[in-house]
Enquirer: 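Quick one: this structure, given as structure tokens, is what I'll be asking you about.
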There are 2 protein chains.
Amino acid sequence: MHKSEIKRQQLLDAIADYLLVNGLQDSSLRHLAAAIGTSDRMLLHYFVNKEELMTASLNLIAARMLSLLESARAQPMRLQTLLAYLTEIVKEPRFRPYLRLWLELVALSTSMDVYRLIARQICNSFYNWITLALEVGQEEDREPLAAFIFATVEGFVLLDALECGALITSGLQGAMRSTTSSAGV
Amino acid sequence: MHKSEIKRQQLLDAIADYLLVNGLQDSSLRHLAAAIGTSDRMLLHYFVNKEELMTASLNLIAARMLSLLESARAQPMRLQTLLAYLTEIVKEPRFRPYLRLWLELVALSTSMDVYRLIARQICNSFYNWITLALEVGQEEDREPLAAFIFATVEGFVLLDALECGALITSGLQGAMRSTTSSAGV
DNA sequence: AATAACATGTAGCATGTGCTACATAATTTG
DNA sequence: CAAATTATGTAGCACATGCTACATGTTATT
């Protein structure tokens with residue numbers, strides 16, 4: 001790998017860190033550059049324009065996120081256990097920044113094409129992860145239940161962003177009740 | 001009500017419409033003004049600054065949303081029925097713009113203080129609405145189940161923004177299975 | 001060592017944005 | 001009707017942003 005390639009990767013890494021902490025709003029070239037100790041001039045030396053920079057950074061973030069997910073893989077679990085497990089994970093400091101950024105990506109993807117692709121990609125990573133992490137009685141239940149868990153957990157991510165911790169706790173409790181007995185029927 | 005108050009309300013109404021269609025990204029004073037047939041100069045004549053304008057518009061949107069929710073109220077339903085009902089509602093054209101905007105509000109609220117308050121407010125409207133729309137066997141189940149429904153439906157909103165219709169359908173199906181039998185235990 | 005390729009700094013342009021200053025038309029009010 | 005208040009236009013400022021031009025140092029290649 002050429003030296004410039006290495007430098008490029010270092011820049012991307014630093015930018016990814018910045019975006020995870022600060023979100024996508026305060027990410028002008030000058031801000032980014034200042035935060036990682038370089039200049040806007042340099043960023044445009046290593047990337048053809050801002051769009052390429054952002055795409056590359058977000059792809060890196062998506063990749064990191066995927067490996068984070070993989071590192072959190074355990075034995076397949078039943079619906080209830082998996083839900084509780086994911087609810088805990090969602091609140092972990094190492095996951096939260098990624099989930100926040102993902103939320104922002106989804107929200108922005110409706111009006112900014114650049115973000116849609118990556119948001120979808122991360123969406124698929126999540127869904128696939130859940131699909132494999134789920135232990136089901138009948139195989140035909142797997143995909144629907146995974147999608148259901150996915151939605152519920154994403155709802156928790158959203159509530160977490162609003163700092164509605166109480167609602168999450170209560171919500172998980174609700175999920176438990178609704179899935180143990182026939183409480184909801 | 002003074003004439004200028006009326007005009008102010010008309011402007012707010014038009015701006016609310018614009019925001020619901022175009023989101024919060026392309027909402028510079030000049031854009032807003034052009035879209036509703038006036039000038040940035042006029043907007044700053046009726047509002048002290050952009051922040052006040054946005055706050056007022058978003059409050060109006062929140063109020064509209066609340067009355068939309070009220071108009072969708074029906075007899076209290078059991079968990080499963082309510083989930084299916086809400087899943088339908090989420091996709092309705094008259095609701096979708098509000099949900100999209102709400103998603104954007106939540107995503108931005110982590111980095112922009114202005115939006116946090118309104119996002120929380122709408123959050124509470126939703127939750128309260130669900131709480132009352134739910135029919136439970138035991139009263140102690142109400143709040144947890146409401147929070148659970150809330151999270152799941154918000155997850156659907158998020159998936160809807162990504163145009164993952166298939167996942168929503170599948171997810172609802174999963175919710176059905178998990179709440180009817182002991183599939184998940 | 002000479003030359004080419006790359007790295008980095010300084011300055012600036014074009015555009016967009018929130019907002020203001022100053023002026024004039026329109027309307028209300030005494 | 002005169003005066004005061006309100007509405008609206010035009011111009012522009014100050015700042016941020018993506019990006020470019022030009023120059024100069026720095027490293028690599030022959």
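For the numbers below, each heavy atom of this structure counts, side chains included, while hydrogens, waters and symmetry mates do not. In the text below, chain A, chain B and the rest are named by the order of the sequence lines, each starting its count at 1.
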Enquirer: Salt bridge (Lys or Arg N to Asp or Glu O under 4.0 Å), that's the test. Do A:Asp160 and A:Arg96 meet it? Break it down for me.
Expert: CA-CA 9 Å; A:Asp160 185 60; A:Arg96 191 179 260 141; 2.8 Å; yes

Enquirer: A:Ile36 CD1 to C:dT8 P: how many Å, rounded?
Expert: 12 Å

Enquirer: Separation of A:Leu43 atom CG from C:dA7 atom P, in whole Å?
Expert: 14 Å

Enquirer: Decide whether A:Glu135 and A:Gln75 meet the rule of one side-chain donor and one side-chain acceptor closer than 3.5 Å.
Expert: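 Side-chain D/A pair, A:Glu135 to A:Gln75: absent.
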
Enquirer: For A:Ser39 and C:dG9, is the shortest distance between a side-chain N/O and OP1 or OP2 below 4.0 Å?
Expert: yes

Enquirer: Parallel, tilted or perpendicular: which one describes the rings of A:Phe148 and B:Phe148, with boundaries at 30° and 60°?
Expert: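 Geometry flag for B:Phe148 against A:Phe148: perpendicular rings.
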
Enquirer: Closest heavy-atom contact between B:Gly137 and B:Arg78?
Expert: N-NH1, 4.0 Å

Enquirer: Quick one, A:Ile122 with A:Val106, criterion side chain to side chain contact (heavy atoms under 4.5 Å, CB included). Give me CA distance, side-chain angles, the key distance, then yes/no.
Expert: CA-CA 10 Å; A:Ile122 300 182; A:Val106 174; over 6 Å; no

Enquirer: Shorter than 3.5 Å, N or O on both sides, protein versus nucleotides 13-18 of chain C: list them out with atom names.
Expert:
unit_1, atom_1, unit_2, atom_2, d
C:dT17, OP2, B:Ser28, OG, 3.4
C:dG18, OP1, B:Lys50, NZ, 2.6
C:dG18, OP2, B:Leu29, N, 2.7
C:dG18, N7, B:Arg30, NH1, 2.9
C:dG18, O6, B:Arg30, NH2, 3.1

Enquirer: Of A:Val48 and B:Ser4, whose nearest nucleotide on DNA chain D comes first from the 5' end?
Expert: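 Per heavy-atom nearest nucleotide, the more 5' residue is B:Ser4.
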
Enquirer: Are A:Ser39 and A:Met42 side-chain neighbours, meaning at least one heavy-atom pair lies under 4.5 Å?
Expert: yes

Enquirer: Mind checking whether B:Trp129 and B:Tyr85 have parallel, tilted or perpendicular rings, split at 30° and 60°?
Expert: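 Aromatic pair B:Trp129/B:Tyr85 classed parallel.
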
Enquirer: Taking NZ, NE, NH1 and NH2 as the nitrogens, is one of them in B:Arg120 or A:Glu163 under 4.0 Å from a carboxylate oxygen of the other?
Expert: yes

Enquirer: Could you go through the side chain to side chain contact (heavy atoms under 4.5 Å, CB included) check for B:Thr87 and B:Thr152 one step at a time?
Expert: CA-CA 9 Å; B:Thr87 308; B:Thr152 305; over 6 Å; no

Enquirer: What is the distance, to the nearest angstrom, from the CE atom on B:Met42 to the P atom on D:dA7?
Expert: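 Distance, rounded to whole Å: 8 Å.
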
Enquirer: Between P on D:dT6 and CZ on B:Arg8, what's the gap in Å once rounded to a whole number?
Expert: 15 Å

Enquirer: Rounded to the nearest angstrom, tell me the gap between atom CZ in B:Phe47 and atom C1' in D:dA7.
Expert: 15 Å

Enquirer: Is the closest side-chain donor-acceptor distance between B:Gln25 and B:Glu104 under 3.5 Å?
Expert: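 On atom types as modelled, these side chains qualify, holding a pair under 3.5 Å.
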
Enquirer: Could you check if a side-chain atom of B:Leu108 sits within less than 4.5 angstrom of a side-chain atom of B:Val114, using non-hydrogen atoms only?
Expert: no

Enquirer: Let me know the distance between CD of A:Glu51 and C1' of D:dG18, rounded to the nearest Å.
Expert: 12 Å

Enquirer: Distance check needed: D:dG18 P versus A:Glu52 CD, whole Å only.
Expert: 15 Å

Enquirer: Give me the atom names and distance for the closest heavy-atom approach of A:Thr110 to B:Ala161.
Expert: CG2-O, 3.8 Å

Enquirer: Please write out the pairs of protein N or O atoms and N or O atoms of nucleotides 26-30 of chain C separated by less than 3.5 Å, giving the distance to one decimal.
Expert:
unit_1, atom_1, unit_2, atom_2, d
C:dT28, OP1, B:Lys3, NZ, 2.9

Enquirer: Over how many whole Å does the gap from B:Lys7 atom NZ to D:dT6 atom C1' extend?
Expert: 12 Å

Enquirer: Heavy atoms under 4.0 Å, any strand shown: does B:Thr38 hit a base, just sugar-phosphate, or nothing?
Expert: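 It contacts nothing in the nucleic acid.
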
Enquirer: Polar-atom pairs under 3.5 Å, protein N or O versus N or O of nucleotides 21-26 of chain D: list them with distances, or write none.
Expert:
unit_1, atom_1, unit_2, atom_2, d
D:dA21, N6, A:Arg41, NE, 3.2

Enquirer: Scan B:Tyr46 against the nucleic acid and name what it touches under 4.0 Å (heavy atoms): base, sugar-phosphate only, or nothing.
Expert: sugar-phosphate

